[in-house]
There are 2 protein chains.
Amino acid sequence: MLLSTKGDYGVRALIDLAKHAGEGPVQRSDIARRRQLPESYLDHLLAQLRRDGFVRSTRGPGGGHELTRPAEEITLLSVLECLEGSLAPMVCVADANRGGESLCGQSWVWAEIYDDMRARLAAVTIAELVEHERQHERAIAANYSI
Amino acid sequence: MLLSTKGDYGVRALIDLAKHAGEGPVQRSDIARRRQLPESYLDHLLAQLRRDGFVRSTRGPGGGHELTRPAEEITLLSVLECLEGSLAPMVCVADANRGGESLCGQSWVWAEIYDDMRARLAAVTIAELVEHERQHERAIAANYSI
DNA sequence: TACAATGCTGAGTAGTTTAGTCGTGAATCG
DNA sequence: CGATTCACGACTAAACTACTCAGCATTGTA
Ligand code: FES
Ligand code: FES
């Protein structure tokens, strides 16, 4: 039932990019270090994200990666489906065969769960995750400053 | 993200047992044939279900498997967790470390999704699935009789 | 132009998981 | 006893995961 690490890692990377948006390209090595990801693995994830138009990359010195659009417009759902493929918990509720007859009498439950899940993931943007993180940092800072 | 077939198969088997409850032990081979499951695989699933107290088995001629309690008391969640282990979609939201600090800023989303999912699965019983199946059968029958 | 910094790509890989099969043994009924 | 049924563990092929690595392509700077 577990997602692979790809989705998690990819979202972490995009959060990092969003946080440094407007400061020019961010390098792979910086993302990897800050977010605790294996750099050579992150490489592949960024490639996929680029293919799907989430990021734009520039080579050469001073190069790196940037978001192609504001973080407010990037939903968690779109990122995860880019990196993980379909998030369907059962083959019979995958997007392809939604018209097909219910095979085993429990598929309707999974269909409901899947719809819920997608709705929740579609309602969260990378920008919100960045905001959450900033709030969390402020809370930590406040704790120490008291 | 996909569940393994174990959960699906196991639920199918329990639906079959529930449907024939009160008619004495049901044999593996019958379940396998009716529900289109590989019999020698079903074997392992029934073993697990027995270990966890969902079914009781008797050997010898006329032996087979029966539910230990009414289908109304068996939730989908309990069956799936028996056969699949934890259904957590991310390690960081697994039951073990629910107290642990959020690691990467998106775990709260997954925690919400996981809670939703468990709630939905806990709200459905094997008895309801049997009822659904019976209604479906009646609908088919009605269609043909017209 | 040389060269260093950076990203791009595909091949390879060790370990794990999935979805089973098979064989042997144990219990039970007649 | 012998047929029937479940019980259990060993085994396996195929797929997937989470990587690493080597080599190439592109770009900025001196
Ligand atoms: S076949 Fe899809 S839930 Fe059983
Ligand atoms: S570490 Fe759990 S969602 Fe990222």
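In what follows, every heavy atom counts, from backbone to side chain, and hydrogens, waters and symmetry copies are set aside. Below, chains carry the letters A, B, ... as their sequence lines are ordered, and counting in each starts from 1. Only a predicted model underlies this, so the values are computations on that prediction, with no experimental measurement involved.
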d(CG, B/Leu2; P, D/dA14) in whole Å: 21 Å
B/Gln36, CD: over 12 other non-hydrogen atoms inside 6.0 angstrom: no
I'd like a table of atom pairs between the protein and nucleotides 18-24 of chain C - only N or O on both sides, under 3.5 Å - with the distance next to each one.
residue: C/dA19; atom: OP2; partner: B/Thr5; partner atom: N; Å: 3.0
residue: C/dA19; atom: OP2; partner: B/Thr5; partner atom: OG1; Å: 3.3
residue: C/dG20; atom: OP2; partner: B/Tyr9; partner atom: OH; Å: 3.0
residue: C/dT21; atom: OP2; partner: B/Ser40; partner atom: OG; Å: 2.5
residue: C/dT21; atom: O4; partner: B/His44; partner atom: NE2; Å: 2.8

field: A/Gln48 (side chain) donor-acceptor with A/Leu83 (main chain) under 3.5 angstrom
entry: no
Backbone N/O of B/Gly63 and side chain of B/Gln27: donor-acceptor pair under 3.5 Å: yes
field: Under-4.0 Å side-chain N/O to phosphate OP1/OP2 contact, B/Arg51 with D/dC6
entry: no
field: Ion pair check, A/Glu81 and A/Lys6, cut-off under 4.0 Å
entry: no
message: Parallel, tilted or perpendicular, judged at 30° and 60°: which one describes the rings of B/Tyr41 and B/Tyr9?
response: perpendicular
- line: On a heavy-atom basis, the closest approach of A/Ile31 and A/Leu17 is CD1-CD2, 3.7 Å
- request: With a 4.0 Å heavy-atom cut-off, tell me which residues in residues 15-31 of chain A come close to DNA chain D, sorted by residue number.
  value: none
query: Cation-pi between B/Arg50 and B/Phe54: NZ/CZ under 6.0 Å from ring centre and within 45° of the ring axis?
result: no
task: Consider only side-chain N and O atoms of A/Gln135 and A/Arg138, and report whether a donor and an acceptor are under 3.5 Å apart.
output: no
query: How many angstroms lie between atom CD1 of A/Ile113 and atom CG of B/Leu121, to the nearest 0.5 angstrom?
result: 3.5 Å
task: Could you tell me whether the side chains of B/Glu73 and B/Thr125 share a donor-acceptor contact shorter than 3.5 Å?
output: no
field: Atom-to-atom span, CD of B/Gln48 to C1' of D/dG9 - whole angstrom
entry: 14 Å
task: Quickly work out the A/Leu45 CG to C/dT9 P distance and round it to whole Å.
output: 14 Å
statement: To the nearest angstrom, the CG-P distance between B/Leu42 and D/dA7 comes to 11 Å
message: Please determine whether side chain to side chain contact (heavy atoms under 4.5 Å, CB included) holds for the pair B/Ile126 and B/Thr75, giving the CA-CA distance in whole Å, both sets of side-chain angles, and the decisive distance to 0.1 Å.
response: CA-CA 6 Å; B/Ile126 297 293; B/Thr75 70; over 6 Å; no
Polar atom pairs (N or O), protein with nucleotides 25-30 of chain C, under 3.5 Å:
residue: C/dA26; atom: N3; partner: B/Arg59; partner atom: NH1; Å: 3.0

message: Could you tell me how far apart A/Arg12 (CZ) and D/dA18 (C1') are, to the nearest whole angstrom?
response: 13 Å
query: D/dC8 P sits how many Å from B/Leu49 CG, rounded?
result: 13 Å
